[in-house]
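Throughout, numbering of the chain's residues begins at 1 and tracks the sequence.
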Amino acid sequence: MKKNQLQIEENAEKLAEAFAAHFIRLAEEAVRERGRFLVVLSGGGTPLKAYRLLAETSRRQIVPWQQIYLFWGDERYVPQDDAQSNFRQAYEVLLSHIDIPPGNIHPIPTNLPPAAAARAYAETLRSFAEAGQICARFDLVVLGLGHDGHTASLFPGQSARWDQLVITAEGSYDGRPSTRITLTPPAFNLAREVVFLVSGATKAEALHAARGEIRDVNRFPSQAIKPADGRVLWMVDKAAA
Ligand code: 6PG
């Protein structure tokens with residue numbers, strides 16, 4: 001299987017459907033083979049369509065939620081019930097509709113000072129590590145792409161700081177909360193699969209650069225996502241492609 005693949009869907013709706021189907025396939029496979037499915041969800045608007053589809057009766061009934069463990073790739077430093085919280089957005093469209101044990105849901109804490117929250121989350125990730133590893137080996141990491149090239153809260157120009165598993169970051173983007181807590185490439189790159197979900201013409205330039213000839217993780221943070229023993233799948237719609 002190729003380490004880096006591109007899948008282009010007709011439009012945003014088809015993209016969400018394709019992602020939901022892919023999620024279900026991977027979940028079934030992971031649970032069959034390893035008894036659990038560790039997933040990192042992305043924030044941002046793009047995945048919400050797909051999360052909504054997973055919450056629909058026909059899909060949610062076939063997903064093995066009891067064996068699924070949810071984490072987040074980044075969080076905005078706002079209270080969990082704030083409308084801008086990545087956790088809250090996922091809660092509203094997905095988590096509040098599914099039968100998942102509360103103990104399987106691991107949001108990035110925002111009730112501690114940012115640096116302490118990052119340390120606490122790194123501990124959570126460590127507690128899911130396989131023997132000999134420093135971090136959970138995620139079965140699926142979902143990521144988005146900003147029109148400025150950022151992914152999770154890995155913003156251009158900040159790559160020197162991506163050494164801990166979880167760090168604090170500052171980045172202004174579309175008026176969203178700028179203080180963030182984010183996983184870094186060392187955490188993401190243990191994953192079995194990373195899916196970038198990218199939709200809309202405003203992302204075309206960033207997508208082209210991310211997958212282009214010029215390799216520079218400091219300018220194009222998504223290029224730092226290269227699972228050592230896994231693959232990257234770019235699921236995009238035609239407008240972005
Ligand atoms: C966040 C994110 C971020 C997001 C991109 C794309 O907390 O904002 O996790 O990395 O994925 O900004 O966002 P959209 O999907 O809304 O374009």
Handout entry: Phe128: which of Phe138, Phe71, Tyr121 passes ring pair (Phe, Tyr, Trp, His ring centres under 6.0 Å)
Key = Phe71
Problem - Carboxylate-amine/guanidinium contact Arg88 Asp81, below 4.0 Å - result: no
Problem - Minimum heavy-atom distance between Ala117 and Ile181, given as atom pair plus value - result: CB-CD1, 3.6 Å
Completion exercise
Taken to the nearest 0.5 Å, the spacing of Gln67 CD from Glu28 CD works out to 11.5 Å
Exercise for the section: Give a yes or no answer on whether the side chain of His150 reaches the backbone of His147 with a donor-acceptor pair at less than 3.5 Å. Expected result: no
Handout entry: Contact summary for Ala18 and Glu9, nearest pair of heavy atoms
Key = CB-OE2, 3.5 Å
Handout entry: Asp139 and its side chain to side chain contact (heavy atoms under 4.5 Å, CB included) partner, picked from Arg34, Glu33, Glu29
Key = Arg34
Problem - Point-to-point distance, once rounded to the nearest 0.5 Å, from CD of Glu205 to CG of Asp148 - result: 11.5 Å
Problem - Distance (rounded to the nearest 0.5 Å) between Ile214 CD1 and His208 NE2 - result: 9.0 Å
Handout entry: Arg36 side chain to Asn104 side chain, donor-acceptor N/O pair below 3.5 angstrom
Key = no
Exercise for the section: Taking Tyr51 for its side chain and Leu95 for its backbone only, find out whether a donor-acceptor pair lies under 3.5 Å. Expected result: no
Practice task
May I ask you to decide if Val78's main-chain N or O and Thr110's side chain share a donor-acceptor pair within less than 3.5 Å?
Solution key: yes
Handout entry: Heavy atoms of other groups near Gln133 CD, more than 12 under 6.0 Å
Key = yes
Handout entry: side chain to side chain contact (heavy atoms under 4.5 Å, CB included) between Tyr77 and Ser153, worked out
Key = CA-CA 11 Å; Tyr77 191 64; Ser153 290; over 6 Å; no
Exercise for the section: Taking Gln89 for its side chain and Ala83 for its backbone only, find out whether a donor-acceptor pair lies under 3.5 Å. Expected result: yes
Practice task
With side chain to side chain donor-acceptor pair (under 3.5 Å) as the test, would you mind laying out the steps for Asp74 and Thr182 before giving the verdict?
Solution key: CA-CA 4 Å; Asp74 74 325; Thr182 187; 5.1 Å; no
Practice task
Determine the interplanar angle of the Phe23 and Trp65 rings, folded into 0 to 90°, and report it as parallel if under 30°, tilted if 30 to 60°, perpendicular if over 60°.
Solution key: tilted
Practice task
Return yes if some donor-acceptor pair links the side-chain N/O of Lys3 with the main-chain N/O of Gly230 below 3.5 Å, else return no.
Solution key: yes
Practice task
Could you tell me whether the side chain of Thr168 and the main chain of Ala115 form a donor-acceptor pair under 3.5 Å?
Solution key: no
Practice task
Begin with the C-alpha distance, continue with both residues' side-chain angles, and end with the deciding distance and a verdict on side chain to side chain contact (heavy atoms under 4.5 Å, CB included) for Lys2 and Arg231.
Solution key: CA-CA 7 Å; Lys2 274 174 67 183; Arg231 71 161 186 164; over 6 Å; no
Handout entry: Distance (rounded to the nearest 0.5 Å) between Asn111 CG and Gln80 CD
Key = 7.0 Å
Practice task
Apply the test side chain to side chain contact (heavy atoms under 4.5 Å, CB included) to residues Ile225 and Phe196: give CA-CA distance (whole Å), side-chain angles for both, the deciding distance (0.1 Å), then the verdict.
Solution key: CA-CA 10 Å; Ile225 311 302; Phe196 282 95; 3.9 Å; yes
Fill in the blank from the handout: Only one of Leu145, Val198, Leu197 passes side chain to side chain contact (heavy atoms under 4.5 Å, CB included) with Thr46, and that residue is Leu197
Handout entry: Heavy-atom side-chain contact between Arg211 and Phe220 under 4.5 Å
Key = no
Exercise for the section: Look only at the side chain of Asn189 and the backbone of Ala228, and say whether a donor-acceptor pair between them is shorter than 3.5 Å. Expected result: no
Problem - Test item: Thr151 side-chain N/O and Gly144 main-chain N/O as donor-acceptor pair under 3.5 Å - result: yes
Handout entry: Flag, side chain of Arg137 to backbone of Leu190, donor-acceptor distance under 3.5 Å
Key = yes
Fill in the blank from the handout: Between Arg180 and Ala152 the two heavy atoms that sit nearest each other are NH1-O, 4.5 Å
Practice task
Might you work through the side chain to side chain contact (heavy atoms under 4.5 Å, CB included) test for Gln7 and Val236, ending with a clear yes or no?
Solution key: CA-CA 6 Å; Gln7 180 176 331; Val236 313; over 6 Å; no
Problem - Residues Asp82 and Arg76 bridged, charged N to O under 4.0 Å - result: no
